[in-house]
Amino acid sequence: LFLKNVSIQDALDIILISLSFLIAYSVRDYLNSVYQGTRILSLYPLRSYLNLLPIVCFLWIAAMQMVSAYRPFRGRNTLSVLADIGKAGILALVLFAAYAYLFKLHYLSRTFIVTVFTVTTLILMIERFSVLRLILLIRKKGFNYRYVLIVGTGPRAQNFIEILHQHPEWGFHIVGLVDKMPELIGQSVKGHNVIGTLGDIPSI
């Protein structure tokens with residue numbers, strides 16, 4: 001139901017979630033060896049938990065789709081993107097806890113599960129942050145832009161131009177404006193020329 005469109009991003013996330021699962025097991029196993037004799041529950045061998053990995057991956061992808069974490073990066077700031085990962089992590093953990101309770105997975109250590117979802121959240125945040133930095137670098141080189149034709153020259157159009165000027169990291173390039181009044185052609189609005197009328201839109 002949730003896995004409607006498998007993309008490169010989905011595949012990368014599944015790889016990172018799987019990697020996080022293995023890292024979390026190693027961290028939890030290390031803690032168990034360090035704090036032997038304490039109340040920390042011992043772990044079974046890794047193979048005993050591998051059957052849970054597809055469930056964890058599915059719940060993570062589903063949670064990210066539910067919180068709209070796969071929205072395009074364009075037009076969003078870094079905090080918004082990372083916040084989506086945080087919300088997805090909490091939701092995925094709650095869903096997995098419900099699954100574990102429903103199927104009575106008593107052999108699972110709570111600290112192991114928390115470690116899995118904490119490590120996964122951090123790694124996915126690092127991945128998203130790195131992608132955003134890479135996109136910003138690419139745009140500084142003049143690539144990965146979307147071209148925008150603004151219809152109208154009034155206050156709302158001018159306000160929109162100012163917003164795009166304030167956020168070059170969004171990657172929008174204004175090619176010009178069109179207006180219903182032919183006499184405005186050639187005039188400059190906020191540094192951008194009026195290049196035609198409404199009727200010129202198809203040819204532009």
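All residue numbers in this chain count up from 1 along the given sequence. Atom set for the values below is all heavy atoms of this structure, side chains included, hydrogens, waters and symmetry mates excluded.
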When hydrophobic residues are tied together by side-chain contacts of less than 4.5 Å, even through go-betweens, does [X] share a cluster with [Y]?
X    : Y    : result
L91  : L16  : yes
L132 : Y70  : no
I17  : I23  : yes
Y99  : L102 : yes
V114 : L19  : no

Side-chain contact, heavy-atom cut-off 4.5 Å: [X] with [Y]?
X    : Y    : answer
F96  : V116 : no
L105 : L52  : yes
W60  : I14  : no

Where do [X] and [Y] come nearest, in terms of heavy atoms and distance?
X    : Y    : answer
S80  : N77  : N-OD1, 2.7 Å
G152 : A157 : O-CB, 3.4 Å
G89  : T121 : CA-OG1, 3.8 Å
A88  : M64  : CB-CG, 3.4 Å
R28  : S109 : NH2-OG, 3.2 Å

Next item on the list: Taking the six-membered ring of F160 (Phe, Tyr or Trp), confirm whether the NZ or CZ of R156 is under 6.0 Å from its centre and within 45° of its axis.
Entry: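 No, R156 does not lie over the aromatic ring of F160.
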Notebook entry, point to check: Thinking salt bridges, do R128 and D84 make one under a 4.0 Å N-O criterion?
Noted result: no
Next item on the list: Check the pair L134 / S130 against side-chain contact (heavy atoms from CB on, under 4.5 Å), numbers first and verdict last.
Entry: CA-CA 6 Å; L134 177 61; S130 300; over 6 Å; no
Distance in Å, [X] [atom1] paired with [Y] [atom2], rounded so as to fall on 0.5 Å steps:
X    : Y    : atom1 : atom2 : result
S20  : L122 : OG    : CG    : 8.5 Å
F117 : L59  : CZ    : CG    : 6.5 Å
L137 : F143 : CG    : CZ    : 11.0 Å
Q158 : I163 : CD    : CD1   : 12.5 Å
D13  : T120 : CG    : OG1   : 10.5 Å
H192 : L149 : NE2   : CG    : 12.0 Å

Check: Between I55 and F103, is a side-chain contact (heavy atoms from CB on, under 4.5 Å) present by the stated rule, with each step listed?
Finding: CA-CA 12 Å; I55 302 298; F103 290 94; over 6 Å; no
Margin query: In terms of relative ring orientation, are F112 and F21 parallel, tilted or perpendicular, with 30° and 60° separating the classes?
Written below: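 The rings of F112 and F21 stand perpendicular, inter-plane angle above 60°.
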Next item on the list: Could you label the plane-to-plane angle of the H167 and W170 rings as parallel, tilted or perpendicular, counting under 30° as parallel and over 60° as perpendicular?
Entry: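 H167 vs W170 ring planes: parallel.
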Anything under 3.5 Å between a donor and an acceptor, one on a side chain of residues 176-187, the other on a protein residue two or more places apart or in another chain? List them.
{"unit_1": "D179", "atom_1": "OD1", "unit_2": "M181", "atom_2": "N", "d": "3.0"}
{"unit_1": "D179", "atom_1": "OD2", "unit_2": "T153", "atom_2": "N", "d": "3.4"}
{"unit_1": "D179", "atom_1": "OD2", "unit_2": "T153", "atom_2": "OG1", "d": "2.9"}

Next item on the list: Check side chain to side chain contact (heavy atoms under 4.5 Å, CB included) between N193 and all other residues, then give those that pass, not counting sequence neighbours.
Entry: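 In terms of side chain to side chain contact (heavy atoms under 4.5 Å, CB included), with neighbours along the sequence ignored, N193 is linked to S188, I195.
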Next item on the list: Output every pair passing side chain to side chain donor-acceptor pair (under 3.5 Å) with a member in residues 143-152, not counting sequence neighbours, ordered by first then second residue.
Entry: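 Side chain to side chain donor-acceptor pair (under 3.5 Å) check on residues 143-152 returns R139-N144.
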Notebook entry, point to check: Between T197 and D200, is a side chain to side chain donor-acceptor pair (under 3.5 Å) present by the stated rule, with each step listed?
Noted result: CA-CA 5 Å; T197 64; D200 297 322; 3.2 Å; yes
